[in-house]
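Since the structure comes first, as structure tokens, the remarks are kept for the end.
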Amino acid sequence: MGIKYDEGKQTFTLDTFNTTYQMQVDRYGFLLHLYYGKTVKGSVDYLLTYLDRGFSGNPYDAGKDRTYSMDVLPQEFPCHGTGDYRGTAFAMQEESGAYACDFRYKRHEVRKGKYGLPGLPAVYAEEKEADTLEIILEDNVTRIQAHLLYGVLPGHDIITRSVRIENAGEQKVSLLKVQSACIDFTNGDFDLITFYGRHAMERNYQREPLAHGSFVIGSRRGTSSHQYSPMMILAERAASEDAGGCLGLSFVYSGGFKAEAELDQYGQTRLLMGLSDERFCYPLDPGGTFTAPEVMMTYSSEGLSRLSHNLHRCMRANLCRGKYKEAVRPVLLNSWEAAYFDFDGETIYRLARQAAEAGIDMIVMDDGWFGKRDDDYSGLGDWKVNEQKLGMTLGRLIERVNALGLKFGIWMEPEMVSEDSELYRQHPDWVLKIPGRNPVRARYQLVLDFSRKEVVDAMFSQICSVLDEGNIEYMKWDMNRSICDVYSASGENEGKVLYDYMLGLYDILERLCKKYPDMLMEGCSGGGGRFDAGMLYYTPQIWCSDNTDAIDRLRIQYGTSFGYPISAVGSHVSAVPNHQTGRTVPMRARAVTAMAGSFGYELDMNGLSEEEKEEIRVQIRTYKADAALIRQGLYYRLTNPFEDELCAWEFVSDDGEEALLFAVRQNNHGNMTVSYVRLRGLCPEGVYEDMETKKQYFGSALMEAGLVLAPKIEEYESYRVHLRRREGNGEDGRYFSEKDGEASR
Ligand code: GLA
């Protein structure tokens, strides 16, 4: 397992339990990519072909050999300047103005454990869980080095990649493009799966055959964005949820990105993922280094569910941190849709009392408690409790909430400033703004210049003084606009400001994680505008969308589930008619949908009937009983809500002993047809009992023949079926022995 180097063939092989990744240093010192897929034995360098190709140039060292061209060969870290005309992973400009680079192998190191990245989020691992390979390439003219980093986590079938660029030469260069991962396939027919969206409608699933040309997704917004999730999946044309080869890439970064899939002139496919290179220009002085963020990669030969399971497991266990990394999260009531800006301390206390009566664990006071903030025109940047508005101190409010047996959480948006704020009046140069031009406003707010340490430090101390006012056990870190006007008054080159901004953000988040290790942080950016693996390193859950409509959420959460664990998905039951869509969905379906995540509520229960309040109490009890299975179980997408009217999903315990099936019908028609849902992940010989109806079924029957979900004449009918495996295997004609009236575990 792990990393092997065959000295004779100069071949590196990275093995995980089920996959192999292979590359080779060739006769001229180029690092060629050979393979990434299901486990293979031996070297597959025979896949490389050498043919005389017209208009494909040859490196000088190849002499008269016209069959050797970087334009065709699969590569590990292709750079601009070698005669490769596909999208490249690296480009730089020399002092002379020339754009050139020619990376060749210099040396490598293999280490126990997983590398870390200074100032950036990254997968971490125990020494015995992972190995690191560092391959050093160098351009011998400028002596710019690329240190390619590979982290191999065999048990998760995960390989991570990153690259550190070092200037070992004498001249200053400008880095113009540094991608973290490149994967070339010499052959194959693929579909590309990506997740597009918009505010309040994030991560829609899109699957398209890869055609000649480049398909590019990315974000120029300074955040990973609502518009494209920083991940993509390359799937064999026939790959499905439970069969076929597929490769997933996820960018562990929360800023702008670019991901490209290119089908070239010879039917070869190249994937690239990394920082957005538009207006990226990072000056690198002699002795300087630049670290690119990490990409997580996983290959599954057993379809998309397995691919998601690999990412889910690794993110939960080796990316999320802190007390709540795996622990069941508190069920919370958030004040936003319950009161918006219109509240005082008594309102929050009243919501908290309702929450306590319902069995909720925590009240979160959302936007509106600080500075002058009764609407979104003002106040951001002044993180001082508005005691006049609250009618009490924060400490007193928290004490009263705690006395109800409830935890207290708070909302902040520290990267932002309103022009109408004390902070902006004192420090107008602390924002991203181009001299002599009016900035673009969004939600009436401007973006603080987090590329500057003094700004980050000032916000950190403001945040800490609020957090130290009482027993605050949760913080929602929001970010409610896209970045524009990228210019720092520090005078730094504009091309590095966005990257430095992210380092500033990660620095403050890291400091908060260290100072408040028991506090749960939830990420947010207008809902799911910064839902990415980078944020999960600091905030183990992220508000998935500002859209709380259960039916829209089916699609949003379906798309999200491909790349991110269920535990990461903040999901709440809100009031009807829904504030974003006007749709009225029954309470039960709203809860069933919200239970596919870190569960909570976002409504004022005052207006609810006694029956509805009782229904909520039952929901919370049910969720708490199911919570461990929901957060740690294997998640299966059973249908596709973009194609099927019934949206069904399932959680199965690792040992296959227990399963939870959930489904919501998106549409009703006259004279409905019956839905048959085939479960997955069960033990075929096992006998499972429906804990409600007490009906028993063989696992094989549930998986092959399916379960009947009969339609009812009711809009948005929802289903929850809890199955437990009984002892015995039914061979004696009975499904389980008489004495086993109880579940086996
Ligand atoms: C964003 C968040 C919401 C809420 C508001 C408050 O839109 O996504 O959940 O916190 O800000 O202004």
Side-chain angles (χ1 to χ4, degrees), residues 197-203 221 223-227 229 254 329 332-343 347-348 351 362-383 386 389 408-418 420-421 441-448 463 466 472 474-483 520-532 535 539 541-550 552-553 556-557 560 568-575 578-581 594 597-604:
R198 57 187 184 273
H199 174 234
M201 210 55 230
E202 299 89 338
R203 288 173 294 285
R221 294 170 180 267
T223 57
S224 48
S225 88
H226 299 89
Q227 284 68 21
S229 183
S254 317
R329 315 278 162 72
L332 63 87
L333 175 74
N334 180 295
S335 69
W336 182 240
E337 287 196 24
Y340 294 103
F341 292 110
D342 188 15
F343 63 85
T347 322
I348 300 295
L351 291 173
M362 179 162 75
I363 176 88
V364 175
M365 180 166 69
D366 210 281
D367 197 353
W369 56 266
F370 53 92
K372 185 178 113 198
R373 185 75 172 169
D374 293 323
D375 49 40
D376 47 17
Y377 291 116
S378 61
L380 294 172
D382 297 340
W383 302 104
N386 186 338
K389 174 169 175 176
F408 184 89
I410 202 162
W411 175 97
M412 292 198 212
E413 198 186 350
E415 294 156 81
M416 296 294 147
V417 66
S418 309
D420 185 1
S421 68
R441 288 190 185 124
R443 210 191 183 197
Y444 319 107
Q445 61 201 52
L446 302 180
V447 183
L448 284 174
I463 295 169
V466 174
I472 297 180
Y474 161 106
M475 174 183 175
K476 180 170 162 190
W477 183 290
D478 208 342
M479 199 284 190
N480 281 323
R481 61 161 290 177
S482 302
I483 298 179
L520 171 61
M521 278 205 273
E522 176 155 355
C524 179
S525 174
R530 206 160 56 183
F531 202 117
D532 53 68
M535 283 309 284
T539 67
Q541 72 190 48
I542 302 174
W543 182 225
C544 186
S545 177
D546 269 349
N547 187 343
T548 55
D549 175 282
D552 277 357
R553 272 288 184 123
I556 297 169
Q557 293 176 188
T560 306
V569 175
S571 193
H572 300 167
V573 173
S574 61
N578 180 270
H579 295 187
Q580 294 79 40
T581 62
S598 283
F599 186 60
Y601 290 80
E602 184 132 351
L603 77 177
D604 188 343

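Just follow the structure's listing: the first ligand is 1, and inside any ligand the first atom is 1.
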Would Phe341 count as a polar contact of ligand 1, with the cut-off being nitrogen or oxygen pairs under 3.5 Å?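 Among all N and O atoms of Phe341, none is under 3.5 Å from an N or O of ligand 1.
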
Please determine which of Gln227, His226, Arg221 meets the side chain to side chain contact (heavy atoms under 4.5 Å, CB included) test together with Ser482.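 For Ser482, the side chain to side chain contact (heavy atoms under 4.5 Å, CB included) test succeeds with only one of Gln227, His226, Arg221, which is Arg221.
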
Residue, atom name and distance, where the atom is the protein heavy atom closest to [atom]:
| atom | answer |
| --- | --- |
| atom 1 (C) of ligand 1 | Asp478 OD2, 3.1 Å |
| atom 12 (O) of ligand 1 | Asp367 OD2, 2.6 Å |
| atom 9 (O) of ligand 1 | Lys476 NZ, 2.8 Å |
| atom 4 (C) of ligand 1 | Asp366 OD1, 3.4 Å |
| atom 5 (C) of ligand 1 | Trp336 CE2, 3.6 Å |

Number the atoms of ligand 1 from 1 as they appear, then name those within less than 4.0 Å of a heavy atom of [X], with their elements.
| X | answer |
| --- | --- |
| Gly527 | 8 (O) |
| Asn480 | 1 (C), 7 (O), 11 (O) |
| Cys524 | 2 (C), 8 (O) |

State whether Arg373 and Asp367 are salt-bridged, where the test is any N-O pair (Lys NZ or Arg NE/NH1/NH2 against Asp/Glu carboxylate O) under 4.0 Å.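 Yes.
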
Quick test of your reading of the structure: of Thr548, Asp546, Asn547, whose heavy atom lies closest to atom 7 (O) of ligand 1?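 Among Thr548, Asp546, Asn547, the closest heavy atom to atom 7 (O) of ligand 1 comes from Asp546.
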
Test your reading of the model: is there a side-chain donor-acceptor pair from Arg203 to the backbone of Gly528, 3.5 Å cut-off? yes

Hey, does Glu337 sit under 4.0 Å from ligand 1 if you only count heavy atoms?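 No heavy atom of Glu337 comes that close to ligand 1.
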
Salt bridge (charged side-chain N to carboxylate O under 4.0 Å, His left out) evaluation trace for Glu413 with Arg481: CA-CA 11 Å; Glu413 198 186 350; Arg481 61 161 290 177; over 6 Å; no

Determine whether the side chain, the backbone, both or neither of Asp376 has a heavy atom under 4.0 Å from any heavy atom of ligand 1. neither

With heavy-atom distances below 4.5 Å as the criterion, would you say the side chains of Ile463 and Trp477 are in contact? yes

Decide yes or no for Phe341 and Trp336: does some side-chain heavy atom of the first lie under 4.5 Å from some side-chain heavy atom of the second? yes

May I ask you to check if Lys389 and Phe343 form a cation-pi contact, with NZ or CZ under 6.0 angstrom from the six-membered ring centre and within 45° of the axis?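 Lys389 over Phe343 ring: yes.
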
Taking the six-membered ring of Trp543, is the NZ or CZ of Arg553 close enough (under 6.0 Å from the centre) and on axis enough (within 45°)?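 Yes - Arg553 lies over the ring of Trp543, closer than 6.0 Å to its centre and within 45° of its axis.
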
